[in-house]
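Presented below is the structure to which this report refers.
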Amino acid sequence: MTPDYIIFTDASVILPKDCLHSSAYASVILNYNSLNYTVISGPLANRSIVFCECWAIYQGLRYLKKLRKDIGKDKLKILVVSDSKLIINTFTQWIKYSWDLSDWSNWKKSDNTPVLNQELYRKMYHILSNEHLKVRFTHINSHSKGNSSKQKAIFAKLERDKIHLSDAAKKIFIDMNDVADKTAHEIAVSQIKHPTTLEILRPKLKRKD
């Protein structure tokens, strides 16, 4: 697979004393051909790291879903890069093979307990089911900037997974992932300075995508 777009995602959660914790997400969306990129990010206030990691992917895919229509392209091949094995397993393994989805409004895990964050997961599932989007996930270590051995391992893994990148894309791949990491962290840190705003920043999920 050679992607049309790569979505680099990350999230950050900080737990200060005596106030709601701050949380944030970032999606860096790279056009594989032009190597231009767009950053989508923001605070999520008082959300878990799992929710924030998934929200980053969701926002990146929403952006490309709309972009595909705007540019009139029939299909987009998308590579999602995340350091969350849990989120990747959710959409590549558990939803497909482990969870009970028979009741669409009340998903259950294999131990018969409710799935956390399932409303967001349903919205993601809806996008991933779009026939015009071909989405692949890959897990990498988010803290690989300046570490040549980790970077070599990342590119070796991509090759094993038959994800083919040009030399130009490889040159900025680690940088784009670092931008997502730093952006999410900086937003989370900035919230600590204004703790009274945290609660109103919680995203309101709606049924309609």
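Numbering of residues begins at 1 and proceeds along the displayed sequence.
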Stepwise ring-ring contact (aromatic ring centres under 6.0 Å, His included) check, Tyr25 with Tyr58: CA-CA 11 Å; Tyr25 77 97; Tyr58 172 61; 9.7 Å; no

Hey, does the side chain of [X] reach the backbone of [Y] with a donor-acceptor pair shorter than 3.5 angstrom?
{"X": "Arg136", "Y": "Asp161", "answer": "yes"}
{"X": "Ser41", "Y": "Ala26", "answer": "no"}
{"X": "Tyr32", "Y": "Ser166", "answer": "yes"}
{"X": "Asn130", "Y": "His132", "answer": "yes"}
{"X": "Asp178", "Y": "Ile174", "answer": "no"}
{"X": "Asn117", "Y": "Leu120", "answer": "no"}
{"X": "His185", "Y": "Ser12", "answer": "no"}
{"X": "Arg47", "Y": "Ser23", "answer": "no"}

Is there side-chain contact between [X] and [Y], with heavy atoms separated by less than 4.5 Å?
{"X": "Asn106", "Y": "Gln118", "result": "yes"}
{"X": "Ile6", "Y": "Leu165", "result": "yes"}
{"X": "Lys65", "Y": "Leu133", "result": "yes"}
{"X": "Val81", "Y": "Asn177", "result": "yes"}
{"X": "Phe8", "Y": "Val179", "result": "no"}
{"X": "Lys123", "Y": "Arg62", "result": "no"}
{"X": "Leu116", "Y": "Val50", "result": "no"}
{"X": "Phe91", "Y": "Leu128", "result": "yes"}

Residues Trp94, Tyr121; criterion ring-ring contact (aromatic ring centres under 6.0 Å, His included); working and verdict: CA-CA 11 Å; Trp94 300 336; Tyr121 291 166; 9.0 Å; no

[atom1]-[atom2] distance between [X] and [Y], expressed to the nearest 0.5 angstrom:
{"X": "Asn33", "Y": "Tyr5", "atom1": "CG", "atom2": "OH", "answer": "8.0 Å"}
{"X": "Phe137", "Y": "Ile7", "atom1": "CZ", "atom2": "CD1", "answer": "8.5 Å"}
{"X": "Ile140", "Y": "Leu158", "atom1": "CD1", "atom2": "CG", "answer": "7.5 Å"}
{"X": "Ser82", "Y": "His139", "atom1": "OG", "atom2": "NE2", "answer": "7.0 Å"}
{"X": "Leu79", "Y": "Thr2", "atom1": "CG", "atom2": "OG1", "answer": "10.5 Å"}
{"X": "Ile29", "Y": "Asn36", "atom1": "CD1", "atom2": "CG", "answer": "13.0 Å"}

Are [Y] and [X] connected into the same hydrophobic cluster when the rule is that any two of I, L, V, M, F, W, Y join if their side-chain heavy atoms are below 4.5 Å apart?
{"X": "Tyr37", "Y": "Ile187", "answer": "no"}
{"X": "Leu76", "Y": "Met1", "answer": "no"}
{"X": "Trp104", "Y": "Tyr97", "answer": "no"}
{"X": "Val115", "Y": "Leu86", "answer": "yes"}
{"X": "Leu61", "Y": "Leu67", "answer": "yes"}

For the student: nearest non-hydrogen atoms of Asn31 and Ser34, plus distance: OD1-N, 3.1 Å

Nearest atoms (heavy-atom pairs only) where Cys52 meets Ala24: CB-O, 3.8 Å

Other residues, nucleotides, ligands: >12 heavy atoms within 6.0 Å of [X] [atom1]:
{"X": "Lys77", "atom1": "NZ", "result": "yes"}
{"X": "Lys182", "atom1": "NZ", "result": "no"}
{"X": "Lys152", "atom1": "NZ", "result": "no"}
{"X": "Lys171", "atom1": "NZ", "result": "no"}

salt_bridge(Asp4, Lys73) N-O dist < 4.0 Å: yes

Aromatic ring pairing Trp107/Trp99, orientation class (parallel under 30°, perpendicular over 60°, tilted between): tilted

Test item: side-chain donor near acceptor, Asp181 and Thr183, under 3.5 Å: no

Thr138 versus Lys157, side-chain donor and acceptor atoms under 3.5 Å: yes

Stepwise side chain to side chain contact (heavy atoms under 4.5 Å, CB included) test for Gln59 and Thr9: CA-CA 10 Å; Gln59 291 299 329; Thr9 65; over 6 Å; no

Verdict with supporting geometry, Ser98 and Lys109, side chain to side chain contact (heavy atoms under 4.5 Å, CB included): CA-CA 7 Å; Ser98 299; Lys109 294 186 287 187; over 6 Å; no

Full working for side chain to side chain contact (heavy atoms under 4.5 Å, CB included) between Ile78 and Lys134: CA-CA 6 Å; Ile78 303 167; Lys134 181 179 179 182; over 6 Å; no

Stepwise side chain to side chain contact (heavy atoms under 4.5 Å, CB included) check, Ile172 with Leu35: CA-CA 8 Å; Ile172 64 172; Leu35 299 184; 3.9 Å; yes

